[in-house]
2 protein chains.
Amino acid sequence: MDTPGAPRHEQISDWLRARIEQGQYEPNDKLPSENDLCEQFDVSRITVRRALQTLETEGHLYRRQGLGSFVQDARLHQGLAYLTDFVQDMEQRGIAPSCTVVHRAPEPASPDVAAFLGVEPETTVVRIDRVRQANADPVAFDQTWLPPTYAELLADSPLTEQTIFQVLEHAYAIPVVKGECRIGATQADEDVAAHLHLAPGAALLLMERVSFAEDQSCIFYQTRYYRADRMSFNLHLARDAGTPAGGDGALPVREFESVLRGSAE
Amino acid sequence: MDTPGAPRHEQISDWLRARIEQGQYEPNDKLPSENDLCEQFDVSRITVRRALQTLETEGHLYRRQGLGSFVQDARLHQGLAYLTDFVQDMEQRGIAPSCTVVHRAPEPASPDVAAFLGVEPETTVVRIDRVRQANADPVAFDQTWLPPTYAELLADSPLTEQTIFQVLEHAYAIPVVKGECRIGATQADEDVAAHLHLAPGAALLLMERVSFAEDQSCIFYQTRYYRADRMSFNLHLARDAGTPAGGDGALPVREFESVLRGSAE
DNA sequence: GTGCGTTACTTGTTATAACCTGTAGCCCTT
DNA sequence: AAGGGCTACAGGTTATAACAAGTAACGCAC
């Protein structure tokens, strides 16, 4: 975990995080004191504190004045739900995801697409249509519109093995920092039905996504159609100590996961 | 907002947070620079930075090296995502929700329902079918199965004005503490289509819900069908300072909201 | 006019240093 | 033995200072 270019405080927090996540400490174990870490890494206390603060906001540790810093119980720091990517979803449950690019060409932006991407209508954007398969069985079809700048960056990527996110983040160090996502339902038109081996009119789970980079520029607009008989989204809702009661039944989302249903169903 | 005992950095972050929340800045407005704030409050830069970091992790602002600190769009700064109730959703946007009970009678539990409710199959449960309207226009239809114990408690409630959650929580002090929720899509059968004024086969957003009380007993199992042309769910995803990068594009869900689309669409 | 470099201003990182506050253990007094 | 105070050590707050790095705008040279 030594990344020479990274700031010292980041190296320290990475080092500590790795040890905590590998379970080298028990929950509520006392971590080395700030001064110990200062000596160990030969940095000033402000740098160590910066590292500890990162881990504190991440929920990996808690600090008590006069006592020290302690490892947070891992089960407790799941405060946030994550919406994962198709490929991650599949890989996590051991299903081989594959992807077929069925269309990839520039086209003038429609008013809708232009609005999402933040470009002028009729600007040339790149549309990529892909069919997503789980175990070689089509599960989803999506259309992605990219503004010229990002389309350029991705021009050499086949996008069959790596997601757009992965290419941007690993090859260009452009992280995705914000996104909007709308989940709806619709019926399959002839085109989508053919790609997904469905009858026209079949129910589809529709997901529209817009993603943004650090500079608030739009990375892509995407519409994705999931076969409703194969995919659904699960939400786990739970009120815990941190959430006050009396909310008329509104529960915070603790987990968000997409679910692939077996063909047998 | 002057609390003499509090640390200076806290006073500064309180001061700034108040101004941001009161809408004295537009989203993405540039805040005073760190040096400006140093002079204004007569503190060192480290103190100002400590205050800004607090607000950054809270999601009130974002910072860009070389540019400045900017007000984060207010919609994005909620640590947890909540899945709200139909009635709450409507009321929050000033739409009068109404509810018509179209069926309410005991019936023997089917194997599926029995499994969800944790009772023996063929146990007598109560089914309640309701049509949900927004401005007197049907938006959703749901079927709710209640186990005998909870059905008893709700026997005297018409359920047209109050939700099941509200009755249990306010009249009996039984809070809902856990829930599961599946979001999918399906086509309208004749029965549902009639209730929602749709053609059979129309796309519906399907939400199945199971809710649990503190003693882990199941309160109800519900299937709800939303008109896909009127409702969708929005997710706001955002990575902030507390979330390490490199997650292959998996962003935490900051907000979850249901969206009612205007009839004009 | 275009292009490049300089400059001013921004946030990011880090060092040194001082003092405050909270905690626990130790020792001395009662 | 019980009590209180002293002390060492923990994190909390804050000042001063310097340099790095990213951005934008201005101006000069070509």
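For the numbers below, each heavy atom of this structure counts, side chains included, while hydrogens, waters and symmetry mates do not. By convention in this document, chain letters (A, B, ...) are assigned in the order of the sequence lines, proteins followed by strands, and residues within each chain are numbered from 1.
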Q: Can you label the angle between the A:Phe233 ring and the A:Tyr226 ring as parallel, tilted or perpendicular, going by 30° and 60°?
A: perpendicular

(Q) So for B:Gln65 and C:dT10, does any side-chain atom that can act as donor or acceptor lie under 3.5 Å from a complementary atom in the base? (A) no

(Q) On the nucleotide D:dT16, are OP1 or OP2 found under 4.0 Å from the side-chain N or O atoms that B:Ser44 carries? (A) no

**Q.** Position toward the 5' end of DNA chain C (nearest nucleotide), A:His9 or A:Gly66
**A.** A:His9

Q) Just how far, in rounded Å, is C1' of C:dC9 from CG of B:Leu37? A) 15 Å

Q) Between A:Ser69 and D:dG11, is there a side-chain N or O to OP1/OP2 distance below 4.0 Å? A) yes

Q.
Side chains of B:Arg17 and B:Leu55, heavy atoms from C-beta outward: is any pair under 4.5 Å?
A. yes

**Q.** Candidates D:dT13, C:dT13, C:dT10 - which lies nearest the side chain of B:Lys30
**A.** C:dT10

Q: Output yes when at least one side-chain N/O atom of A:Arg45 is less than 4.0 Å from OP1 or OP2 of C:dA15, else no.
A: no

Q: Could you check how far CD of B:Glu34 sits from P of D:dA17, rounded to whole Å?
A: 17 Å

Q. Are any of B:Thr47's side-chain N or O atoms less than 4.0 Å away from OP1 or OP2 of D:dT13?
A. no

(Q) I want to check something: taking the side chain as every heavy atom from C-beta on, are A:Phe165 and A:Ser211 in contact at a cut-off of under 4.5 Å? (A) yes

Q: Indicate, with a heavy-atom threshold strictly under 4.0 Å, whether B:Ile46 touches base, sugar-phosphate, or nothing.
A: base

Q: Using atom CD of A:Gln53 as one end and atom P of D:dG12 as the other, report the distance to the nearest whole Å.
A: 9 Å

Q. Should the pair A:Phe41 and A:Trp15 be assigned to parallel (<30°), tilted (30 to 60°) or perpendicular (>60°) ring geometry?
A. perpendicular

(Q) Applying a 4.0 Å non-hydrogen cut-off, can you work out what B:Arg64 is touching in the nucleic acid: base, sugar-phosphate, or nothing? (A) sugar-phosphate

Q. When the distance from CG of B:Asp42 to C1' of D:dT14 is rounded to whole Å, what number comes out?
A. 12 Å

Q) B:Arg63 versus B:Gln53: any side-chain heavy-atom pair under 4.5 Å? A) yes

Q) Given atom CZ of A:Arg50 and atom C1' of C:dT13, what is their separation to the nearest angstrom? A) 9 Å

Q.
Nearest whole Å is fine: how far is C:dG25 C1' from A:Leu67 CG?
A. 13 Å

Q. Which whole-number value in Å describes the distance from A:Phe70 CZ to C:dT23 P?
A. 11 Å

Q.
What contact category does A:Arg8 fall into here, base, sugar-phosphate, or nothing, at under 4.0 angstrom with non-hydrogen atoms?
A. sugar-phosphate

Q. Rounded to the Å, how far apart are B:Leu61 CG and C:dT11 P?
A. 11 Å

Q | Phosphate OP1/OP2 of D:dG12: any A:Arg49 side-chain N/O under 4.0 Å | A | yes

